[in-house]
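Below, chains carry the letters A, B, ... as their sequence lines are ordered, and counting in each starts from 1. Only this structure's heavy atoms are used, side chains among them; waters, hydrogens and symmetry mates stay out.
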Amino acid sequence: MNVRLIVNGRTINVEVTTPLSLLQVLREELGLLGTKDACEQGECGSCSILLNGDLVCSCLVMAADADDLEVTTVEGIGTDGNLHPLQRAFVEHGAVQCGFCTPGFIVAGVHLLDQNPVPTSGEIREALSGNLCRCTGYGGIERAIQSLVEGT
Amino acid sequence: MEIVRPDSVAGVLDALASHPDALVLAGGTDTMVLVNAGALRPEYVISLRHVEDLKAWNARFIGAGVTYARLEESEIAALAELSRTVGSPQIRAAGTLGGNLGTASPAGDALPFLAAVDATIELVSKHGSRTMPWDEFLIGPKQNALEPAEIILGAHLPDDMPWRTAFAKIGVRQAMVISIASVCVTRNEAGETTVALGAVGPTVLRARRAEMMVSAEKDPDEAALDEFQRLVSEESRPITDHRSTAEYRRMAVGVLARRALERCLV
């Protein structure tokens with residue numbers, strides 16, 4: 001069946017014949033490799049995307065069920081040479097170690113700051129609680145987000 | 001594979017009548033784990049994403065399609081508290097109350113709340129709807145009374161919701177855990193107390209002896225709280241599995257119940 005996705009503002013039609021996840025379509029069909037594939041159980045957050053503005057794990061969305069929905073991946077947040085302020089803050093605060101989890105944290109962090117431009121430290125941690133960093137670089141990640149909070 | 005995405009309950013039931021083996025897909029937080037692992041290969045999927053009727057929510061009724069992200073805003077303390085403990089922001093944006101009922105895991109975080117307030121569960125099929133008490137719906141580990149041609153409409157809450165409610169759970173960390181033990185306590189102005197336990201039995205359980213004992217105490221003292229905690233532990237029916245041991249669960253659920261009760265007494 002044909003599935004019409006609106007990915008980072010572009011309308012894309014893909015043919016889907018199995019119950020595969022939106023994560024697989026983004027990576028394998030559309031070549032958007034920023035969204036990472038790790039646990040495929042909703043545990044790690046590395047496949048985080050925005051679906052109609054909601055922060056979700058793309059591994060838990062059936063691609064065929066995303067027909068006509070708006071998808072934002074990390075590629076829709078910033079590009080080479082045109083980084084989102086949060087991506088620049090990650091660079092400046094050493095919030096990237098191996099980098100595998102970074103796109104998921106960027107999407108979760110951007111979603112947080114959209115919803116709540118002045119989060120407390122507790123709210124930042126809560127908003128990132130669905131994302132795992134195996135390098136345990138949480139301090140730098142939290143400081144990077146904190147640096148964009150007005151008045152700090 | 002074929003998918004249909006009806007916008008009404010009637011549309012879902014029509015699709016289900018013509019495809020009795022269909023996979024009914026709500027938030028996907030349990031279902032897609034099985035699909036990704038290759039354990040589930042549906043040929044026909046009925047998505048509930050666009051069924052607005054299932055997203056209804058008011059003081060007396062929670063539609064099956066209401067997400068935990070929405071329930072976090074509940075004015076009922078225990079419901080808001082349990083919703084905040086479900087998974088992570090990503091999971092709460094997708095996971096629904098109906099999913100907890102459909103999966104019927106003994107560790108489903110919403111289930112102790114539904115049990116503690118004696119919620120009734122409404123199921124609907126082409127032949128009409130039926131409503132049953134929570135303990136007739138949840139019949140075993142991952143087993144419920146849902147018939148193949150039925151879907152879960154939602155949960156009805158009682159008119160006289162208790163005055164105070166509290167939820168507590170324990171796991172290996174605060175986020176993204178499946179409960180090792182969970183508890184919901186309610187207490188009304190007359191002191192009548194209910195206690196429901198999760199993840200310490202084949203289904204969610206009510207600790208009826210502990211309820212009776214503490215309901216008779218107007219202002220429970222330390223000795224009464226000790227006895228309450230002991231009875232809750234005694235009434236739990238935990239097993240040892242990959243998440244915890246029966247011994248630890250038995251102890252922990254008593255401690256959690258006491259803490260939740262103390263919050264209802266303040």
Side-chain angles (χ1 to χ4, degrees), chain A residues 1-4 15-24 35 37-69 104-105 107-109 111-112 115-116 119 122-132 138, chain B residues 1-7 12 22-51 55 65 67-70 72-73 83-96 99 103 171-178:
Chain A
M1 60 176 294
N2 181 65
V3 177
R4 178 172 170 272
E15 193 60 24
V16 171
T17 56
T18 64
L20 86 178
S21 67
L22 181 57
L23 168 65
Q24 293 303 331
T35 306
D37 179 0
C39 76
E40 291 199 280
Q41 300 182 15
E43 298 267 349
C44 75
S46 63
C47 69
S48 296
I49 58 156
L50 302 181
L51 189 65
N52 275 8
D54 288 333
L55 178 70
V56 299
C57 293
S58 59
C59 72
L60 298 182
V61 178
M62 196 178 283
D65 192 28
D67 189 37
D68 270 336
L69 301 186
F105 273 102
V107 175
H111 181 256
L112 166 66
Q115 303 287 309
N116 178 5
E123 286 167 341
I124 293 174
R125 291 172 178 218
E126 172 57 36
L128 301 180
S129 61
N131 294 74
L132 294 179
Y138 297 106
Chain B
M1 186 197 78
E2 200 181 332
I3 187 169
V4 289
R5 305 165 83 213
D7 58 10
V12 173
L23 172 71
V24 178
L25 178 66
T29 57
D30 285 325
T31 300
M32 284 305 290
V33 174
L34 297 175
V35 169
N36 290 338
L40 200 58
R41 274 309 201 213
E43 285 300 320
Y44 192 88
V45 177
I46 303 170
S47 163
L48 303 182
R49 184 181 292 280
H50 298 290
V51 187
K55 299 175 189 172
T67 63
Y68 293 103
R70 290 177 64 200
E72 282 183 69
E73 307 299 325
S83 299
R84 283 197 283 268
T85 75
V86 172
S88 64
Q90 287 90 329
I91 301 299
R92 298 196 286 274
T96 61
T103 297
V172 290
R173 58 185 278 245
Q174 281 194 8
M176 279 319 305
V177 297
I178 293 172

Between the main-chain N or O of A:E40 and the side-chain N or O of B:N36, is there a donor-acceptor pair closer than 3.5 Å? yes
Using modelled atom types and a 3.5 Å cut-off, is there a donor and acceptor pairing between side-chain atoms of A:D65 and backbone atoms of B:R49?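 Not confirmed, A:D65 side chain does not pair with B:R49 backbone.
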Please look at [X] and chain B and tell me whether the side chain, the backbone, both or neither of the residue comes under 4.5 angstrom of a heavy atom of that chain.
{"X": "A:L112", "result": "neither"}
{"X": "A:V3", "result": "neither"}
{"X": "A:L23", "result": "neither"}

Contact leader toward chain A among B:D30, B:L40, B:L23, B:T29, where contacts are heavy-atom pairs under 4.5 Å: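 Top count of heavy-atom pairs under 4.5 Å with chain A: B:T29.
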For A:Y138, what residues pass the ring pair (Phe, Tyr, Trp, His ring centres under 6.0 Å) criterion, not counting sequence neighbours? none
Minimum side-chain heavy-atom gap B:E2-A:M1 below 4.5 Å: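 Of all side-chain heavy-atom pairs linking A:M1 with B:E2, none is under 4.5 Å.
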Given heavy-atom pairs under 4.5 angstrom as the criterion, report whether the side chain, backbone, both or neither of B:I3 touches chain A. both
Atom CD1 in B:I178, atom CD in A:E43: separation rounded to 0.5 Å?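 Here the interatomic distance stands at 6.5 Å.
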Value rounded to 0.5 Å, distance of OG in A:S129 from CZ in B:R84: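 Here the rounded value is 12.5 Å.
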Can you name the nearest heavy-atom pair linking [X] to [Y], along with the distance?
{"X": "A:V56", "Y": "B:A93", "value": "CG1-CB, 4.1 Å"}
{"X": "B:P89", "Y": "A:E126", "value": "CG-O, 3.5 Å"}
{"X": "A:S48", "Y": "B:Q90", "value": "OG-NE2, 2.9 Å"}

With respect to chain B, which residue among [options] yields the maximal number of heavy-atom pairs within a distance under 4.5 Å?
{"options": "A:V61, A:L20, A:L55, A:T17", "answer": "A:L55"}
{"options": "A:T18, A:L128, A:D54", "answer": "A:T18"}
{"options": "A:A108, A:A127, A:A64", "answer": "A:A64"}
{"options": "A:L60, A:L69, A:V16", "answer": "A:L60"}

Pairs touching residues 38-63 of chain A that satisfy ring-ring contact (aromatic ring centres under 6.0 Å, His included), sequence neighbours left out: none
